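Chain letters run A, B, ... following the sequence lines, proteins first, then strands; residues in each count from 1. Every value quoted in this text rests on a predicted model; they were computed, and no experiment measured them.
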Number of protein chains: 2
Amino acid sequence: MKLAQRKQKILAAVIEHYIATGEPIGSKSLQNTEGLDVSSATIRNELADLTAKGFLRQPHTSAGRIPTEYGYRYYVDSLMKPAVLDDRVKRYIENRLLSSGDAPEHIIKTASVIASELIGTAALSTTPTGDNSRVHRIKFVQTGRHTSMLVLITSSGMVKSRLFRCDFDITPEMLNVFDRALNERLAGQPLSSVNRPFAQTFAASFGELGLLMPDMLNAVMDACRESLGTNVYTSGSTKLLYQDDFDLMSARGVLEFLGDSDSRDKFLNNIPEGTNIYIGKENSHILLKRSAVVATRYEIENQPAGLISVIGSTRFDYSKAVAILECIAEYTGKFIAELLSVRQ
Amino acid sequence: MKLAQRKQKILAAVIEHYIATGEPIGSKSLQNTEGLDVSSATIRNELADLTAKGFLRQPHTSAGRIPTEYGYRYYVDSLMKPAVLDDRVKRYIENRLLSSGDAPEHIIKTASVIASELIGTAALSTTPTGDNSRVHRIKFVQTGRHTSMLVLITSSGMVKSRLFRCDFDITPEMLNVFDRALNERLAGQPLSSVNRPFAQTFAASFGELGLLMPDMLNAVMDACRESLGTNVYTSGSTKLLYQDDFDLMSARGVLEFLGDSDSRDKFLNNIPEGTNIYIGKENSHILLKRSAVVATRYEIENQPAGLISVIGSTRFDYSKAVAILECIAEYTGKFIAELLSVRQ
DNA sequence: GTTAGCACTCTAATATCGAGAGTGCTAATT
DNA sequence: AATTAGCACTCTCGATATTAGAGTGCTAAC
């Protein structure tokens with residue numbers, strides 16, 4: 001729906017006032033809006049119309065207006081001016097991410113910490129998906145008579161290690177055999193192909209020797225599965241309890257959502273590339289129906305990878321959140337790419 | 001202070017009623033207490049006395065009595081009968097811990113999950129302290145041109161891995177030199193001795209070659225430091241928000257405490273062996289002044305190791321919590337000991 | 001030391017009231 | 001046709017009053 005200029009201006013003013021203060025606003029206060037030189041009666045008419053169209057609502061008959069979720073949606077799509085980030089903020093983000101260490105995981109964890117700090121609500125970040133990754137190399141390190149560590153190096157340069165234990169004494173020769181056979185068979189294969197059927201046929205092809213392999217193969221499968229899946233980092237979730245426009249039930253809902261890794265990961269996996277905003281009922285998950293999510297996918301060498309995301313009540317400074325998330329996402333993707341490229 | 005039999009009985013009845021219902025109780029309802037055959041007036045006198053002595057208090061003049069923290073303390077020390085755990089609960093705990101995987105970390109994580117489930121509040125568990133651990137063996141695995149993984153095996157059988165990156169090309173010969181030199185120098189040394197002074201003298205003793213070592217030595221120090229420090233797992237912290245006798249402020253306080261790893265770890269490290277109960281102001285940390293902590297240290301081969309702990313409001317089923325925690329601690333210690341012994 | 005009786009206190013729930021904010025509608029104006 | 005002034009109306013919020021009920025502390029008798 002296209003709105004007349006003046007209606008847009010009034011709608012934006014109401015929403016921005018509400019985002020800033022959390023209070024409804026009425027026709028009289030709106031007269032102070034820059035560039036709006038009409039009487040309060042005229043504004044009242046416009047407000048009534050915007051309310052009838054579903055953009056605004058009144059908490060009760062004689063309060064001012066506040067946005068509906070539909071109103072927020074229109075604002076986010078058509079009215080909102082992208083916030084311009086202060087240079088100091090940009091440098092702050094850059095520095096924090098740069099000084100967070102040598103592992104991609106650390107950068108990504110830091111990303112969620114600063115998103116939470118700067119936007120003032122709960123934040124999430126995820127490691128890149130390993131969908132396209134392949135096995136590069138698998139190595140073994142013996143760590144005890146019955147235990148050994150497996151090191152998986154993927155084509156994208158990620159490294160995962162995994163302990164496993166056998167009931168028999170492990171010998172260097174045995175590990176050598178495992179090493180040669182596994183790498184011959186798996187090098188260059190997609191991580192997703194390292195599954196149970198593979199393990200069974202692989203072990204079977206070794207006859208008697210294959211009987212010694214299950215523990216080792218389980219470790220390989222685990223490592224591949226974990227490299228495929230994304231890790232999720234959460235920060236500042238207690239901040240939700242301090243948002244006064246968030247009733248306790250909604251805050252609980254979000255906290256529960258964050259704690260339930262299954263539905264959380266499912267939700268996150270369905271978020272497409274770029275910057276996405278989900279307001280209230282637009283969220284597919286029931287525990288988020290009263291919240292808003294802003295999520296940006298960062299890219300590694302132009303490939304959509306993991307997410308940086310914040311979550312809070314629908315009363316949200318969307319413009320600021322988008323600007324900060326996009327800045328964090330940009331640096332995160334860039335720094336991880338640099339890290340991985342030197343690893344090759 | 002020693003209390004007369006009847007006073008003890010009344011005190012216990014008040015506390016147990018309050019723990020069970022969260023409601024104050026008055027002289028009349030107390031007449032129904034098993035084995036207490038006196039009039040309500042007599043009970044009133046006793047209550048007045050217990051209140052004067054500081055064991056009980058009234059939320060307001062005309063409400064019944066509820067325990068003070070001092071009352072809880074007396075109850076916990078002298079009145080509380082240890083709860084007897086149902087066999088099915090014991091088996092449940094055993095099974096959950098047994099089926100949680102091959103790594104000590106997984107057992108310990110599961111321990112906090114079931115503590116939280118069974119006791120219905122937030123739970124914490126920590127991995128064993130590595131205070132007495134020594135370096136057993138250090139190994140290297142090359143993972144890229146510029147990166148390598150270091151694997152640290154401690155005397156207690158714990159394994160930690162760590163990635164590091166150098167600015168120069170890593171060669172197998174170089175790793176061999178590192179490997180031999182490090183193990184020669186560090187095998188059998190306490191983890192705590194692997195610190196910066198050590199790294200400096202070590203690198204210096206290699207002259208020119210030592211200039212290539214800093215990245216590698218940092219990784220070694222990191223791995224040792226991490227093995228020394230304990231990991232902390234938290235479960236069910238959102239349960240705090242559902243405890244109706246916990247005002248929002250206190251719940252927030254505890255959540256904040258749990259999120260601040262520095263003060264949390266400091267607090268946990270100071271908890272001695274055995275089972276400990278801290279009620280309200282007895283807690284050294286200000287954010288816990290309105291909460292209660294029950295913590296049991298599990299033992300590995302008769303050595304005090306990590307903690308299993310629950311945290312909630314001072315209205316707490318202490319008896320049940322102690323029984324469950326001690327059961328979990330027993331199995332946790334036992335299973336980890338088994339795991340480590342076969343690793344040698 | 002124990003008990004019955006009773007006046008007293010305090011809370012929590014409910015009702016009543018007035019001020020204030022903001023509205024929608026009507027009629028007049030541009 | 002759009003805008004505006006004016007006004008009666010509605011609803012919330014906070015303050016105040018009222019009442020029922022629970023539980024007490026105290027006194028005097030047992």
Side-chain angles (χ1 to χ4, degrees), chain A residues 2-11 13-18 20-68 71 244-245 247 315, chain B residues 2-11 13-18 20-68 71 244-245 247 315:
Chain A
K2 186 85 178 77
L3 289 181
Q5 194 93 43
R6 191 173 65 192
K7 278 205 176 58
Q8 292 195 357
K9 193 172 287 179
I10 291 177
L11 179 55
V14 172
I15 295 182
E16 275 155 20
H17 175 272
Y18 185 66
T21 68
E23 299 292 330
I25 186 171
S27 52
K28 232 168 190 165
S29 320
L30 279 169
Q31 282 192 280
N32 300 327
T33 306
E34 177 115 16
L36 192 68
D37 293 317
V38 288
S39 74
S40 66
T42 307
I43 298 178
R44 268 203 294 288
N45 285 332
E46 298 283 46
L47 287 177
D49 203 42
L50 284 167
T51 306
K53 290 202 168 82
F55 294 103
L56 298 177
R57 65 189 182 86
Q58 300 173 269
H60 48 263
T61 336
S62 82
R65 303 304 210 283
I66 61 175
T68 61
D244 45 357
D245 53 321
D247 57 307
R315 182 193 144 208
Chain B
K2 185 86 178 79
L3 288 181
Q5 194 92 46
R6 191 173 64 192
K7 278 204 176 59
Q8 292 196 356
K9 193 172 285 179
I10 292 176
L11 181 54
V14 173
I15 296 181
E16 274 156 19
H17 175 273
Y18 185 67
T21 67
E23 298 292 330
I25 187 172
S27 51
K28 232 170 190 163
S29 320
L30 279 169
Q31 282 192 280
N32 299 328
T33 306
E34 177 113 17
L36 191 69
D37 293 319
V38 288
S39 74
S40 68
T42 306
I43 298 178
R44 268 202 295 286
N45 285 331
E46 298 284 45
L47 286 177
D49 204 41
L50 284 167
T51 306
K53 290 201 168 81
F55 295 104
L56 298 176
R57 65 189 181 88
Q58 300 174 267
H60 47 264
T61 335
S62 81
R65 303 302 208 283
I66 60 174
T68 61
D244 45 357
D245 53 319
D247 57 306
R315 184 192 141 209

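- Residues A:Glu23 and A:His17 are in side-chain contact: their nearest non-hydrogen atoms beyond the backbone lie under 4.5 Å apart.
- Note: CG (B:Asp49) to C1' (C:dG1) measures 13 Å, nearest angstrom.
- Between B:Val38 and A:Gly26, the one whose closest nucleotide on DNA chain C sits nearer the 5' end is B:Val38.
- When the P atom of D:dT10 is taken as reference, atom NE2 of A:His60 falls 15 Å away, rounded to whole Å.
- As rounded to whole Å, 12 Å separates atom C1' of C:dT2 from atom CD of B:Gln31.
- With hydrogens and angles ignored, a donor-acceptor pair under 3.5 angstrom links the side chain of A:Ser62 to the base of D:dC11.
- A:Gln31 places a side-chain N or O within 3.5 Å of a backbone atom of A:Val38 that can act as its donor or acceptor partner.
- Among the protein residues, B:Ser27 comes within range of the sugar-phosphate backbone only, with heavy atoms under 4.0 Å from sugar or phosphate atoms but none that close to a base.
- Residue contacts shown for B:Ala63 are limited to sugar-phosphate atoms, with no base heavy atom under 4.0 Å away.
- Note: CG (A:Asp37) to C1' (D:dA2) measures 16 Å, nearest angstrom.
- The interatomic distance linking A:Arg6 (CZ) with D:dA1 (C1') rounds to 12 Å, in whole Å.
- In this structure, A:Ser39 and B:Ala48 both approach DNA chain D, and ranking their closest nucleotides by distance from the 5' end singles out A:Ser39.
- The base of D:dG6 sits with one of its N or O atoms less than 3.5 Å from a complementary donor or acceptor on the side chain of A:Arg44.
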Stepwise side chain to side chain contact (heavy atoms under 4.5 Å, CB included) test for B:Asp49 and B:Lys7: CA-CA 9 Å; B:Asp49 204 41; B:Lys7 278 204 176 59; 2.7 Å; yes
Could you go step by step and tell me if A:Ile66 and A:Arg57 meet the side chain to side chain contact (heavy atoms under 4.5 Å, CB included) rule? CA-CA 6 Å; A:Ile66 61 175; A:Arg57 65 189 182 86; 3.6 Å; yes
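- Remark: P of C:dT3 and NZ of B:Lys28 are 15 Å apart, rounded to the nearest angstrom.
- Remark: of the listed residues B:Leu47, B:Leu50, B:Leu11, B:Ile25, B:Leu47 is the sole one forming a side chain to side chain contact (heavy atoms under 4.5 Å, CB included) with B:Arg65.
- One atom, CG of B:Asn45, and another, P of D:dA28, lie 15 Å apart when rounded to the nearest Å.
- The side chain of A:Thr61 contributes no N or O atom lying less than 4.0 Å from OP1 or OP2 of C:dT23.
- Atom pair B:Arg57:CZ and D:dG23:P shows a separation of 16 Å (rounding to whole Å applied).
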